[in-house]
There are 2 protein chains.
Amino acid sequence: MEKMKLKMLYSDLKQDIDIIEKELEEALNSSSHLIYEASLHLLQAGGKRIRPVFVLISAKFGNYNIDKVKNVAVPLELIHSASLVHDDVIDNSDMRRGQHTVKAQWNNRVAMYTGDYIFARALEYVTKIENKKVHQILAHTMVEIVNGEIIQIEDKFRLNQNLKDYFRRIKRKTALLIESSCELGAIVGECDPKVVNNLKRYGYYVGMSYQIIDDILDFISTDKELGKPAGSDLLQGNITLPILLLQDHSEIKQFIERASQGTVTEQERLDMLEIVRKSDAIKKSMQISNQYLVKALKEVEALPNHPMKKKLRDVALFIGKRKF
Amino acid sequence: MEKMKLKMLYSDLKQDIDIIEKELEEALNSSSHLIYEASLHLLQAGGKRIRPVFVLISAKFGNYNIDKVKNVAVPLELIHSASLVHDDVIDNSDMRRGQHTVKAQWNNRVAMYTGDYIFARALEYVTKIENKKVHQILAHTMVEIVNGEIIQIEDKFRLNQNLKDYFRRIKRKTALLIESSCELGAIVGECDPKVVNNLKRYGYYVGMSYQIIDDILDFISTDKELGKPAGSDLLQGNITLPILLLQDHSEIKQFIERASQGTVTEQERLDMLEIVRKSDAIKKSMQISNQYLVKALKEVEALPNHPMKKKLRDVALFIGKRKF
């Protein structure tokens, strides 16, 4: 239902999103039946295509040409998908968005090469673009995303970490790719450098907020809404914002200890959720998310007048209120 | 010792290989200590740097400029290293070149992200290159390498396969990257299109021969020479040329059956090696390798006069005789 709302939000972009959807499918064509099936499974499991949407909206601030825009929108979504399939191996996740992951449906090996394949296809797509700056931004984004993934492994179950560690992780995990989506959309739209920078920063702030809300939802949503058990992040050792705000809570400490040994019972998981939900950590986390959204909206105000400004505002506000 | 011989073979290129070696180390610099350590471990475990060597030699046929040449040599070696570390996960290998693999020293997850990181770094390096054709060749090479890796999974323990299946695999596994090394070296050296094509084909033929010999050595070398147990390829289900030539041998069939169930004893491994070594499959495989080398040498003859022609011949002949 929430997904429907989001779709309505950018219904006027639907035609171009459909073009990108078709290109994404074509990009995954492979001589191997196995890899084609696995990557198509991943792609069709969906996602909200928010990265392509940010590319499209940003490009509208300049000289919008879908044939050029798609050349950055498609590889950005591919890079996102590839990193998801590798993350599922790391997190040992069997479910994502209510569907079996590639690693669960096939195995870790297939998931690894499917990710590699999608990465490589993204690159091949990027070669269609002449602008060297675009290549540099994409390559740098990929390096940082992987750096972030490794940091996430290093930080797992680590109790002595602070907010800075968390922000460093979610920047690389989520904000950077949304930032790059906005920046690259603006660049292929040949926007003024100032506009490029406003949109880039907008993407960064929206991305930070988006991930914080994602991390909150992992505690307050139902298993059904999440398509996986609530509290999965913490079970896997990912210490997110609500938990960092409850760091001194002895029962949470014990839970993390037991989670790291893999000995958590179902009742303990439910108890942990209860503690988090009843605490003020959720409210405080929302406030921090909202601070990022306020910053995002300020960047929107700094943009020149354009019908798409309302869209950027709507997307930011939607993210602040989303429940999936 | 054999490694020494190869080093002598290109001793006059040593200065430039050292430059590339240094760049490779710098390229792996990471904000994560874990990833830096793991990727450096992989790099230092060595390898013969044959891909950079092919780039250097090929570029010498045109306007040789090490500052340009290194921009393709470094990413090619990085792509090779990244694919090795992912292969070790797939093959479940604990040893490579007599050293612990990243997957063994750390774990599969670290190995996966180390590979991703090195891939991403390779890309970042590539953005230094203006020539669009270079980007396209590199991206296409990566797509095909991954396609090959998936095919290798699909073909594992599969008895009903033919020589075409095998050649298709080793082309993607090895020949393509050597082909691209020669082609890209020639392109950054701004060689004539005809020279580029000769060098490209030379690389392809040499690469095919190189992999066939690798596959032979897995049966005829000692465990110590290999740095892992002889016959590992077959134990892991990789049906290579000598085995394809022994396809109708009932004991080999039984061995593959048992290997696929993971129930092979040490004595059975030794018996299998004995069968392969005593058969004519090794000799026939050598003949096929030599056919590729003859084709490689023909491409050398078609090149314009140049002191590097001797080097190309020497490298091809060395590969034909190598014992490690």
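Computed from a prediction, not measured in an experiment: that's the story for all the values here. Numbered from 1 within each chain, the chains take letters A, B, ... in sequence-line order.
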Peer 1: Can you tell me how far apart OH (A:Y113) and CD (B:Q152) are? Round to the nearest 0.5 Å.
Peer 2: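 One gets 7.0 Å once the value is rounded to the nearest 0.5 Å.
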Peer 1: List in chain and number order the residues that pass side chain to side chain donor-acceptor pair (under 3.5 Å) with A:E21, two or more places apart in sequence or in another chain; answer none if no residue qualifies.
Peer 2: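 Side chain to side chain donor-acceptor pair (under 3.5 Å) check on A:E21 returns A:R49.
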Peer 1: Would you compute the distance between atom CD1 of A:I153 and atom CE of B:M112 and round it to the nearest 0.5 angstrom?
Peer 2: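 Nearest 0.5 Å value for the CD1-CE distance: 7.5 Å.
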Peer 1: What residue in A:A38, A:A122, A:A120 has the most heavy-atom pairs under 4.5 Å with chain B?
Peer 2: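 Going by pairs under 4.5 Å, I would pick A:A120.
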Peer 1: What distance do A:H135 atom NE2 and B:L123 atom CG have between them, rounded to the nearest 0.5 Å?
Peer 2: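 These two atoms lie 10.5 Å from each other.
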Peer 1: Quick one: closest heavy-atom pair of A:Y117 and B:V146, and the distance?
Peer 2: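 Minimum heavy-atom contact is N-CG1, 3.5 Å.
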Peer 1: Got a sec, which residues hit side chain to side chain donor-acceptor pair (under 3.5 Å) with B:N63, two or more places apart in sequence or on another chain?
Peer 2: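 Applying side chain to side chain donor-acceptor pair (under 3.5 Å) to B:N63 gives B:E190.
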Peer 1: About how many Å separate CD of B:Q136 and CD of A:E124, when rounded to the nearest 0.5 Å?
Peer 2: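 Separation between the atoms: 9.0 Å.
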Peer 1: Going from CZ on B:F119 to CE on A:M142, what distance comes out if it is rounded to the nearest 0.5 angstrom?
Peer 2: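 If I round to the nearest 0.5 Å, the distance is 9.0 Å.
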Peer 1: Apply side chain to side chain donor-acceptor pair (under 3.5 Å) to A:S180 and list each qualifying residue two or more places apart in sequence or on a separate chain.
Peer 2: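 Partners of A:S180 under the side chain to side chain donor-acceptor pair (under 3.5 Å) test: A:T141.
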Peer 1: Would you please go through residues 126-133 of chain B and name the residues with a non-hydrogen atom below 4.5 Å from one of chain A, in numerical order?
Peer 2: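 Those residues of residues 126-133 of chain B which have a heavy atom under 4.5 Å from chain A are B:T127, B:K128, B:E130, B:K132.
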Peer 1: What is the distance from atom OG1 of A:T114 to atom CD1 of B:I150, rounded to the nearest 0.5 Å?
Peer 2: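 Answer rounded to 0.5 Å: 5.0 Å.
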